[in-house]
Protein chains: 2
Amino acid sequence: MGPVLPNPVTSPMKLRPASFLILGMVRLGIGSGYAIKKVADVSTRFFWPTSLAQVYPELGRLEDAGLVSRREDPQGDRERFAYELTEDGEAALLAWMRSSKEGSTQFRDEGILRLFFADGLPRKDQLALVRRLRTRASEGVTETREEILPRAEALEHAGVRFPARVARLRVETYASTEQWFAQLESELETSAEGDE
Amino acid sequence: MGPVLPNPVTSPMKLRPASFLILGMVRLGIGSGYAIKKVADVSTRFFWPTSLAQVYPELGRLEDAGLVSRREDPQGDRERFAYELTEDGEAALLAWMRSSKEGSTQFRDEGILRLFFADGLPRKDQLALVRRLRTRASEGVTETREEILPRAEALEHAGVRFPARVARLRVETYASTEQWFAQLESELETSAEGDE
DNA sequence: GGAAGCATGTAAAGTGTTACATGATTTT
DNA sequence: AAAATCATGTAACACTTTACATGCTTCC
């Protein structure tokens, strides 16, 4: 047989959560890398942070794999590229969302780590730490209500409902955490009576 | 002046959360690297995961910095080292816990990421996804109640109370999340009536 | 006698962030 | 006219995980 022509079939690319984040954003109509990062910072950042230095190379890889298509879309002399999902890209995104395999989760919270070891601290400092954590939770509620939810609700009116649901889950979670810290705070205040 | 002798003053080491995790564990009397990793896996793993390949070099660095001391503590012919906090180590740990500067936090949750983009899914698959997430939260409650809390409560009886408090916070959080998913689940079931 | 667990450590690979570099456009 | 924002991309650094490598001890 003669020489085999280079196979145009897209090489099997290993897709990570960050890849699906980008596919999902493109599917929502967010066209440029810069815009993806901006939107991610007020929506997905809280459960999947990302950076520009990840977005641009990943868009390139997704294009190489045939999951997104890229075209020029300059604004005046300022270059810009607009991305769209291909059929393969849409299929890959849906398959990922349907997949029943446990996704990776990772939580790192230096504040809770401090709390875990707080037995080594005098009560006064324990209380101060708990108060800081409570304030932080409270600020999380406020931030989500004022900055995240409104944008998500704008989407909701356009028929895209899950971003707002996720934002509400976040409000609930922070609120419940704040409650819990408030309770611990008064517990520590009570038992601290008389000692300094 | 003659040559200056090598300065025994510990070089200023950059301490990261993982360093304090280890200092905190050593302070609780967990002596060996292997034991630290084992205890971390059933306690701090949920808000600060770590690996053996991090623990051993970090113990070495902490020793070089004079924050822990190491002595041989073999079991028969099997080598083992026992670590203890030095005064500097204790001071560094307490200073970190008292510090009011915001600690780093990072959350990554592929499940929530899926949920965020779930508008692209047919209702049936949305429902399946929400059920999976609910189950996961439920398992988190169970795991914490059955495997994490009991160990923490053993510590509690010995006067170390914060680990159990942190475990209870975790139970609360997962339980509240599970509730929320249950509600979303019935919401989706209702609105799905009649369509397939 | 074999498997599982205890115990220490290293090397390589993978993943991610920060900082850098550049230039256009819009806002103040 | 300067500052902020839009927009793309790279390079260096930091950090983590997985796999490897080794050997003893306890349990079945």
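Note: hydrogens, waters and symmetry copies are ignored here, and every other heavy atom, side chains too, is used. A note on names: the letters A, B, ... follow the listed sequences, proteins ahead of strands, and every chain is numbered from 1.
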Look at [X] together with [Y] and state whether they make a salt bridge at an N to O cut-off of under 4.0 Å.
X: B:R132; Y: A:E102; answer: no
X: A:R136; Y: A:D109; answer: yes
X: A:R123; Y: A:E189; answer: no
X: A:R145; Y: A:E172; answer: no
X: B:R168; Y: B:E156; answer: yes
X: A:R165; Y: B:E187; answer: yes

Separation of atom [atom1] in [X] from atom [atom2] in [N], rounded to whole Å:
X: B:R61; N: D:dA14; atom1: CZ; atom2: C1'; value: 11 Å
X: A:F81; N: D:dA7; atom1: CZ; atom2: C1'; value: 10 Å
X: B:L52; N: D:dA21; atom1: CG; atom2: C1'; value: 14 Å
X: A:Q75; N: D:dT8; atom1: CD; atom2: P; value: 10 Å
X: B:E58; N: D:dT17; atom1: CD; atom2: C1'; value: 16 Å
X: B:R108; N: D:dT16; atom1: CZ; atom2: P; value: 12 Å
X: B:Y34; N: D:dT22; atom1: OH; atom2: P; value: 19 Å
X: A:Y56; N: D:dC6; atom1: OH; atom2: P; value: 11 Å

- Query: For DNA chain C, whose closest nucleotide is more 5', that of B:A82 or that of A:W48?
  - Reply: B:A82
- Task: Find which nucleotide of DNA chain C each of A:D77 and A:A18 is nearest to by heavy atoms, and output the residue with the more 5' nucleotide.
- Result: A:A18
- Item | Residue B:R16, side-chain atoms from C-beta onward, closest of D:dT8, D:dA11, D:dC15 | D:dC15
Determine the contact category for [X]: base if any of its heavy atoms lies under 4.0 Å from a base atom, sugar-phosphate if only primed atoms, P, OP1 or OP2 are that close, otherwise nothing.
X: A:S51; answer: base
X: B:K14; answer: sugar-phosphate
X: B:R70; answer: sugar-phosphate

- Message: Before we go on, tell me: are the rings of A:F116 and B:F162 under 6.0 Å apart, centre to centre?
- Response: no
- Message: Can you give me the bend angle of the helix from C:dG1-D:dC28 to C:dT28-D:dA1? Use the axis through the first five pairs and the one through the last five, nearest 10 degrees.
- Response: 40°
- Item | Distance-only donor-acceptor check, side chains B:T144 and B:R170, under 3.5 Å | yes
- Query: Between A:E146 and A:T142, does any side-chain donor sit less than 3.5 Å from a side-chain acceptor?
  - Reply: no
- Query: In terms of hydrophobic clusters joined by side-chain contacts under 4.5 Å, are A:Y83 and A:Y34 together?
  - Reply: no
- Distance in Å, A:L28 CG paired with A:L155 CG, rounded so as to fall on 0.5 Å steps: 6.5 Å
- Query: At under 4.0 Å, does any side-chain N or O of A:Q106 touch on OP1 or OP2 of D:dT17?
  - Reply: yes
- Is any side-chain N or O of B:R78 closer than 4.0 Å to OP1 or OP2 of D:dG23? no
- What's the shortest heavy-atom distance between B:S104 and A:E110, and which atoms? N-OE1, 2.9 Å
- Item | DNA chain D-proximal residues of residues 22-30 of chain A, any heavy atom under 4.0 Å | none
- First and last nucleotide of DNA chain C touching chain B, 5' to 3', heavy-atom cut-off 4.0 Å? C:dG5 to C:dT17
